[in-house]
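First up is the structure itself, then whatever we jot down about it.
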Amino acid sequence: MNELWEEALKGLREKLSAENFETWLAPVQFAGIENDAVCLRIPNRFYADWISTHYLDLVLDALRAQAGTGPLKVQWIVDEGLQERVQARRSSPPPAPPPAQPQQRPPSVAPVVDAPRSSHGLNPKYTFDNFVVGPSNQLAHAAAVAAASGKGKRCNPLFIYGGVGLGKTHLVNAVGHRVLEAKQDARVLYLSAERFTNEFIWSLQNHRINEFRERYRNACDVLLMDDVQFLAGREQTQEEFFHTFNALYHADRQIVVTSDVYPQQIREMEERLVSRFQWGLVADIQAPELDTRIAILKTKAQEEGIALSDDVALFLAQVVKSNVRELEGTLLRLAVKAELMRRPIDLDFARETLRAVLPAPDHATSVEDIQRAVCEYFNIRLADLKSHRRHRAVAYPRMVAMYLCRQRLGTSYPELGDRFGGKDHTTVISAVRKIGGLVEEDAAVRNAVEAIERKLGL
Ligand code: ADP
Ligand code: MG
């Protein structure tokens, strides 16, 4: 049985990035199979949540592939002993150990049972309630709400596109939940284009194509098709999907499709499908702005019961920019590590942890780069930046530059004093504090800092 898990792990290792594999799956231990549930031991509760949300299908597929048929759900067992072993393995070189805790902890073995995915295929975690709306996703969100209400004729089909990890899957799942809230017996089907393809091929091979068509063309009120770009180049599946689309559309059934690019940019997609995708509404999702990133972090922290202070939220949101999945992943990893090391999640801890995890673009940037970028942005001369002039037109850019150097490069205060034309280190400290405060309170300052960071590719 253990072998089964080992083999499944091998398969999973190929599918995940090394870092995600090491963080989330390597520490998991197999603890047998009970009825139709595979029991897995995890170091703490975060693993159950994270793996369920992001890797459950992969894990179950891997297990099924090994076992032939097999378990349909996972039972999580939180094992604090495991937590200590993981910590021991990870902490080389060892971090300062927490003060000894002499009292023996009783072994806490709390099973957490995972709800099996229901027949509509929706992920229970992705609802409108926990979707943070900001300028970057406002349109897509509003369109999704309208599509879910059944009233938005103009939103049929709804085509949502955007880069990886920006919330497309979350939004389409939310549509499904909303529809079911209003009408419990609505026939909602959520699936990826990949799954559609696989089921289609399987049905052809096993002479079950009529059942397949019945399911998708007739027995469906709302079709939520994720990652349609997967159909690129798959002519026969596209043809099938074309007819599915037509059948549903003409019966006034809601269709929501997501893709990583705009309809016309999907490679090798039949023109008639591309044009149908644009019959209704095409809405994009962009990478979220700083405020939205902060709000997402706070929502996620609250959901997961993670104590996240404002300054750490700001720091994470400043460091991880492109992708919400990565943002969440970073927060969760931080929480896992803090729990393992029994440390609070403060700014020092966050910095320390992220230094190792993130590919630090900081190293490529120097104090001079930052000074130059700041001068360009504020249109002042480098000589002024390093001068002792106190006029706001120079003093403010100077403080911003000091702040960025400290925040991004971690340069010491005395050294920064030197590099800015021989200022006292206390001057640098107060500048960094001042801008740090303003970044949180004043949108104009925050925008300036962000613009300069963007310029620097930070
Ligand atoms: P995509 O399908 O676009 O690749 P996902 O929908 O899988 O992205 O989103 C990745 C992760 O980010 C999910 O855990 C999702 O819950 C979260 N997420 C993305 N956008 C938001 C948002 N606006 N509010 C809350 N969580 C979000
Ligand atoms: Mg997705």
Side-chain angles (χ1 to χ4, degrees), residues 15-17 20 23-24 46-58 117 121-145 147-148 158-178 190-197 223-232 256-262 265-266 282-304 306 308 313 316-317 320-336:
K15 294 199 170 127
L16 266 61
S17 73
N20 277 331
T23 306
W24 298 112
F46 294 120
Y47 285 79
D49 265 5
W50 188 260
I51 297 174
S52 302
T53 313
H54 296 276
Y55 306 125
L56 192 63
D57 288 340
L58 273 180
R117 292 272 164 93
L122 294 174
N123 186 330
K125 297 217 142 182
Y126 295 155
T127 63
F128 282 126
D129 290 340
N130 60 7
F131 188 82
V132 176
V133 184
S136 54
N137 57 31
Q138 214 159 17
L139 174 64
H141 172 264
V145 171
L158 170 60
F159 189 98
I160 300 176
Y161 74 97
V164 193
L166 295 184
K168 302 182 296 297
T169 297
H170 189 138
L171 265 186
V172 275
N173 273 274
V175 170
H177 290 302
R178 178 65 58 89
Y190 164 85
L191 81 170
S192 65
E194 179 170 6
R195 172 115 169 260
F196 183 85
T197 306
L223 181 66
L224 308 167
M225 166 78 75
D226 211 356
D227 292 317
V228 80
Q229 76 275 356
F230 182 85
L231 299 185
V256 185
V257 173
T258 78
S259 156
D260 59 356
V261 289
Y262 193 75
Q265 286 170 348
I266 307 178
V282 177
D284 69 325
I285 303 191
Q286 300 285 335
E289 310 66 24
L290 183 69
D291 285 334
T292 311
R293 297 200 296 276
I294 293 175
I296 290 173
L297 281 169
K298 291 194 166 162
T299 309
K300 195 74 196 168
Q302 200 172 15
E303 257 175 38
E304 302 286 346
I306 299 167
L308 180 70
L316 292 181
V320 187
K321 298 185 165 173
S322 54
N323 172 324
V324 182
R325 186 174 300 138
E326 204 179 306
L327 192 65
E328 283 184 1
T330 308
L331 172 67
L332 261 282
R333 272 200 295 267
L334 206 60
V336 165

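On a predicted model such as this, the values are computed, not experimentally measured, just so you know. Read the numbers this way: they start at 1 and go in the same order the structure lists the ligands and their atoms. The first residue of the sequence shown is numbered 1, and numbering continues consecutively from there.
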Does D260 use its side chain to pair, donor to acceptor, with the backbone of Q229 at less than 3.5 Å? no
Check whether N173 reaches the backbone of H170 with its side chain - one donor and one acceptor, N or O, closer than 3.5 Å. no
Just to confirm my output: which protein heavy-atom neighbour is closest to [atom], and how far is it?
atom	result
atom 17 (C) of ligand 1	E328 OE2, 3.0 Å
atom 24 (N) of ligand 1	V132 N, 2.8 Å
atom 12 (O) of ligand 1	V324 CG1, 3.2 Å
atom 25 (C) of ligand 1	N130 O, 3.2 Å
atom 8 (O) of ligand 1	G167 N, 3.0 Å

Among K300, E326, R325, H170, which one has a heavy atom closest to atom 7 (O) of ligand 1? R325
If you compare all heavy atoms of [X] against all heavy atoms of [Y], which two are closest, and at what distance to 0.1 Å?
X	Y	answer
N137	V132	ND2-O, 3.1 Å
I51	W24	CD1-O, 3.5 Å
A283	L158	CB-CD1, 4.5 Å
D227	A193	O-CB, 3.3 Å
L122	G176	CD1-C, 3.6 Å

Consider only side-chain N and O atoms of Q302 and T299, and report whether a donor and an acceptor are under 3.5 Å apart. no
Check the side chains of Y190 and D226 for a donor-acceptor pair under 3.5 angstrom, ignoring hydrogens and angles. yes
Please report whether ligand 1 has a polar contact with [X], defined as an N or O pair separated by less than 3.5 Å (distance criterion only).
X	value
V133	no
L171	no
I296	no

Could you list the atoms of ligand 1 found under 4.0 angstrom from a heavy atom of [X]?
X	value
G163	3 (O)
N137	23 (N)
V164	4 (O)

Dump the intermediate steps for side-chain hydrogen bond (donor to acceptor under 3.5 Å, both in side chains) on D49 and S52, then the final yes or no. CA-CA 5 Å; D49 265 5; S52 302; 5.6 Å; no
May I ask whether G165 places a heavy atom under 4.0 Å from ligand 1? yes
Should T299 be listed as contacting ligand 1, given a heavy-atom distance under 4.0 Å as the test? no
Taking 2.8 Å as the cut-off, does T169 contribute an N, O or S atom near the Mg ion (ligand 2), distance below it? yes
With backbone taken as N, CA, C and O and side chain as the heavy atoms from C-beta onward, which portion of K125 lies under 4.0 Å from ligand 1: side chain, backbone, both, or neither? neither
Ligand 1 contact on H54 by region, counting heavy-atom pairs under 4.0 Å: side chain
